[in-house]
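Index from 1, following the sequence. Note that ligands are numbered from 1 as they come in the structure, with each ligand's atoms numbered from 1 the same way.
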Amino acid sequence: MEIHIAADAEAGARTVADVVEQTLRETGELGTVLGLATGDSPVPAYTELIRRHREEGLSFAGSRAFLLDEYVGLPAGHDQSYHRFIREQLTSHVDIDDAAVLSPDGAAADPVAEAAAYDRRIGEAGGVDLQILGIGSNGHIAFNEPGSSLVSRTRVVALTPRTIEDNSRYFESPDEVPVRALTQGLGTILEARRIVLTASGEGKAAAVARLVEGSVSARWPATILQMHPEVLVVVDEAAASQLELADYYRYARDLEVEHAVAGQRV
Ligand code: PGA
């Protein structure tokens, strides 16, 4: 796991956007399969990617995208659906084909069958090249709440009261937040070739400390990312404030930058 403590939100967003840009360029004409997260955390990076598309010609042509999750009961066009969120925050502003932006169907008559079909679709697309993640204050990634199996697949889950409370800011009242969701499982997410997780603010500090330095456990589902070979964690100072080894991560990052400047591999 590589930890990058960014000076501010803009610097963190640029780092996440750099990884997306690099992946898009590496996959080239084959087309990248992106894994996209919703929520506030990745929005600054999405804004930076839109800017690069408009001003620097960064192209998403030929790419496909899979969302992590969707609320059960919200049809795609609903104001608060993640299907809609990602279009408003990223995909409608860049040159990715709208039909290539997929999310679990929250209005499916059989959500259990929809979950299994969605998991299959990701595999059929060749798997995700780069997965972008946020983290919940309770340590969830996607909607894998505490207690999730570390090898879980895409499935229907019950949201915790804490998640419902955290997400109620998007709704008129907490009563309107759906209580169930379709989510990629931890095992599904772990199959992505590369992962970048971003978090900011003090409210995420405890979850980030567990993610990076805690024991791998279903109690803090994000800790399973310690078992993935290529994870970059991009956090601001506030989200990094409970990391015991923060100074070491800063030192290691500086050293890496120094070597990169000198043209050496680290
Ligand atoms: P946030 O949500 O980015 O809106 O903080 C993250 C999450 O709950 O996974």
Side-chain angles (χ1 to χ4, degrees), residues 6 9-10 12-13 15-17 20 34-49 66-72 74 79-90 103-104 106 128 131-148 152 154-155 157-171 174 176-186 188-190 192 195-212 218-225 228 231-242:
E10 288 73 29
T15 300
V16 175
V20 176
L34 290 170
L36 298 177
T38 52
D40 289 343
S41 306
V43 168
Y46 293 160
T47 305
E48 171 64 8
L49 287 166
F66 286 92
L67 263 64
L68 284 168
D69 43 21
E70 183 59 277
Y71 290 113
V72 168
L74 297 195
D79 271 1
Q80 301 308 334
S81 76
Y82 286 163
H83 175 98
R84 183 144 175 183
F85 182 100
I86 204 66
R87 281 160 178 78
E88 283 174 0
Q89 299 298 333
L90 176 65
S103 48
V128 168
Q131 178 64 57
I132 297 170
L133 291 176
I135 184 170
S137 61
N138 66 357
H140 73 204
I141 47 173
F143 275 134
N144 292 284
E145 300 285 35
S148 291
S152 49
T154 305
R155 67 200 188 288
V157 295
L159 300 180
T160 62
R162 175 133 173 215
T163 296
I164 290 171
E165 175 62 33
D166 283 353
N167 289 7
S168 64
R169 65 189 190 279
Y170 294 110
F171 293 81
E176 285 181 26
V177 184
V179 294
R180 294 192 309 155
L182 283 152
T183 185
Q184 283 190 36
L186 295 171
T188 317
I189 292 169
L190 236 62
I195 295 176
V196 56
L197 181 148
T198 183
S200 58
E202 208 159 331
K204 299 293 173 70
V208 167
R210 297 283 182 155
L211 156 71
V212 179
R219 177 65 187 83
W220 294 88
T223 55
I224 192 60
L225 296 177
H228 190 284
V231 177
L232 171 65
V233 175
V234 182
V235 287
D236 68 357
E237 294 284 349
S241 59
Q242 291 184 33

Practice problem: Going by the side chain to side chain contact (heavy atoms under 4.5 Å, CB included) test, name the single residue among V196, T198, L225 that passes it with L133. | Solution: L225

Quiz item: Looking at Y46 versus F85, is the centre-to-centre ring distance below 6.0 Å?
Solution: no

Under a 3.5 Å threshold, I'd like every N/O contact between ligand 1 and protein atoms, with atom names and distance.
| from | atom 1 | to | atom 2 | distance (Å) |
| --- | --- | --- | --- | --- |
| ligand 1 | 3 (O) | D40 | N | 3.2 |
| ligand 1 | 3 (O) | S41 | N | 2.8 |
| ligand 1 | 3 (O) | S41 | OG | 2.5 |
| ligand 1 | 4 (O) | D40 | N | 2.8 |
| ligand 1 | 4 (O) | R169 | NH2 | 2.7 |
| ligand 1 | 5 (O) | K204 | NZ | 2.6 |
| ligand 1 | 8 (O) | H140 | NE2 | 2.7 |
| ligand 1 | 9 (O) | H140 | NE2 | 3.3 |

Quiz item: Which of parallel (below 30°), tilted (30 to 60°) and perpendicular (above 60°) describes Y82 and F143?
Solution: parallel

Quiz prompt | Polar contact flag, side-chain donor to acceptor under 3.5 angstrom, R210-T223 | solution = no

Self-check item: Candidate list I141, V212, L232, V16, test side chain to side chain contact (heavy atoms under 4.5 Å, CB included), partner L197, passing option
Solution: I141

Quiz item: Do you know which two heavy atoms are closest between G136 and A207, and how far apart they sit?
Solution: O-CB, 3.4 Å

